[in-house]
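Just below is one structure, and these are the notes that go with it.
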Amino acid sequence: MKKGLLIAVSAVALSLVSCKKSESGNKSIIKSDSSETVITDDNGKIDSVTQSSSTTEINGQKTEKTDFVYKATDGALVKVVFKNDPKENTIAITSNKKTFTLPKAETKDGETVYKKDDMIARVKGDSLYLEQGNNMIELKRTKI
């Protein structure tokens, strides 16, 4: 009985000592900077909208992702992620566990248009207008 208990305690002690987490990794490949971006409105005042923004640099090329929460006129909350990288600019709209990713089509007169198939997203200021066929949904950026 004493030998079995001694072996079990030794095994547990050995496993606790040998399980050491290494956090060094290869830090020269991916550099990540997570920070909050300050957005100003047309009058130069700081916009108090809650958002999450991150910038990742891989081999000298920066990718920026900015997350916002928008609210539909029916009260539904929608997560919107704007992604800007050297290859493409996209918008990802997530609602009801479904995500739609649309590439940027054009920008003019302060309005950015994203299109894919029959779905169109128009972003102007704090508003996001989704069009699909004859349906149009208006979303406003929220303060959480």
Side-chain angles (χ1 to χ4, degrees), residues 4-5 7-144:
L5 183 59
I7 291 172
V9 170
S10 298
V12 170
L14 183 61
S15 67
L16 290 175
V17 171
S18 65
C19 292
K20 184 177 179 182
K21 185 177 178 183
S22 174
E23 295 181 8
S24 60
N26 189 351
K27 294 181 181 178
S28 64
I29 300 298
I30 298 176
K31 295 178 183 176
S32 180
D33 174 33
S34 181
S35 60
E36 187 168 328
T37 306
V38 176
I39 306 293
T40 56
D41 62 11
D42 295 336
N43 297 327
K45 296 179 183 177
I46 295 176
D47 191 357
S48 62
V49 173
T50 303
Q51 70 176 17
S52 172
S53 179
S54 67
T55 303
T56 306
E57 183 176 339
I58 301 173
N59 296 332
Q61 295 184 348
K62 290 185 179 183
T63 299
E64 183 178 342
K65 290 172 92 172
T66 307
D67 301 11
F68 291 102
V69 176
Y70 282 79
K71 188 173 187 178
T73 53
D74 66 355
L77 295 177
V78 178
K79 180 180 177 183
V80 179
V81 179
F82 294 92
K83 180 180 175 187
N84 298 317
D85 66 23
K87 295 180 184 175
E88 65 180 352
N89 295 333
T90 60
I91 185 173
I93 303 163
T94 304
S95 179
N96 296 328
K97 298 181 182 178
K98 292 182 182 179
T99 301
F100 300 96
T101 303
L102 310 171
K104 182 177 176 181
E106 64 181 334
T107 300
K108 65 178 179 181
D109 299 329
E111 180 179 68
T112 305
V113 179
Y114 298 86
K115 290 182 183 180
K116 183 174 183 183
D117 299 328
D118 67 336
M119 183 174 262
I120 300 171
R122 299 179 189 278
V123 180
K124 187 168 187 174
D126 289 344
S127 298
L128 172 65
Y129 303 95
L130 292 175
E131 301 173 25
Q132 187 173 24
N134 294 330
N135 298 326
M136 184 168 164
I137 301 169
E138 181 181 357
L139 305 167
K140 292 282 186 185
R141 204 175 332 168
T142 63
K143 297 178 182 179
I144 297 179

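Since this is a predicted model, take the numbers as computed values, not measurements. Residue numbers start at 1 and run along the sequence shown.
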Practice problem: Have a look at R122 and tell me which of L128, T112, V113 forms a side chain to side chain contact (heavy atoms under 4.5 Å, CB included) with it. | Solution: V113
Quiz item: Would you say the side chains of T142 and K71 form a donor-acceptor pair under 3.5 Å?
Solution: no
Quiz item: Going from CD on E131 to CD1 on I120, what distance comes out if it is rounded to the nearest 0.5 angstrom?
Solution: 5.0 Å
Self-check item: Flag side-chain contact, heavy atom, 4.5 Å: Y70 against K140
Solution: no
Quiz item: Roughly how far, to the nearest 0.5 Å, is CD1 of I93 from CG of L102?
Solution: 5.0 Å
Quiz item: In terms of heavy-atom contacts, does CG of N134 have more than 12 from other residues, nucleotides or ligands at under 6.0 Å?
Solution: no
Name every donor-acceptor pair, under 3.5 Å, that has one atom in a side chain of residues 77-88 and the other anywhere in the protein, sequence neighbours excluded.
| unit_1 | atom_1 | unit_2 | atom_2 | d |
| --- | --- | --- | --- | --- |
| D85 | OD1 | K87 | N | 3.0 |
| D85 | OD1 | E88 | N | 2.7 |

Quiz item: Taking only residues two or more places apart in sequence or in another chain, which ones pass side-chain contact (heavy atoms from CB on, under 4.5 Å) with F100?
Solution: K98, M119
Exercise. Give, for atom CE of M136 and atom OG1 of T73, the distance between the pair rounded to the nearest 0.5 Å.
Key: 10.5 Å
Self-check item: Side-chain ion pair, K104 and E106, N-O less than 4.0 Å
Solution: no
Quiz item: How far does OG1 of T90 sit from NZ of K116, to the nearest 0.5 angstrom?
Solution: 10.0 Å
Quiz item: Can you tell me how far CG of L139 sits from OH of Y129, rounded to the nearest 0.5 angstrom?
Solution: 9.5 Å
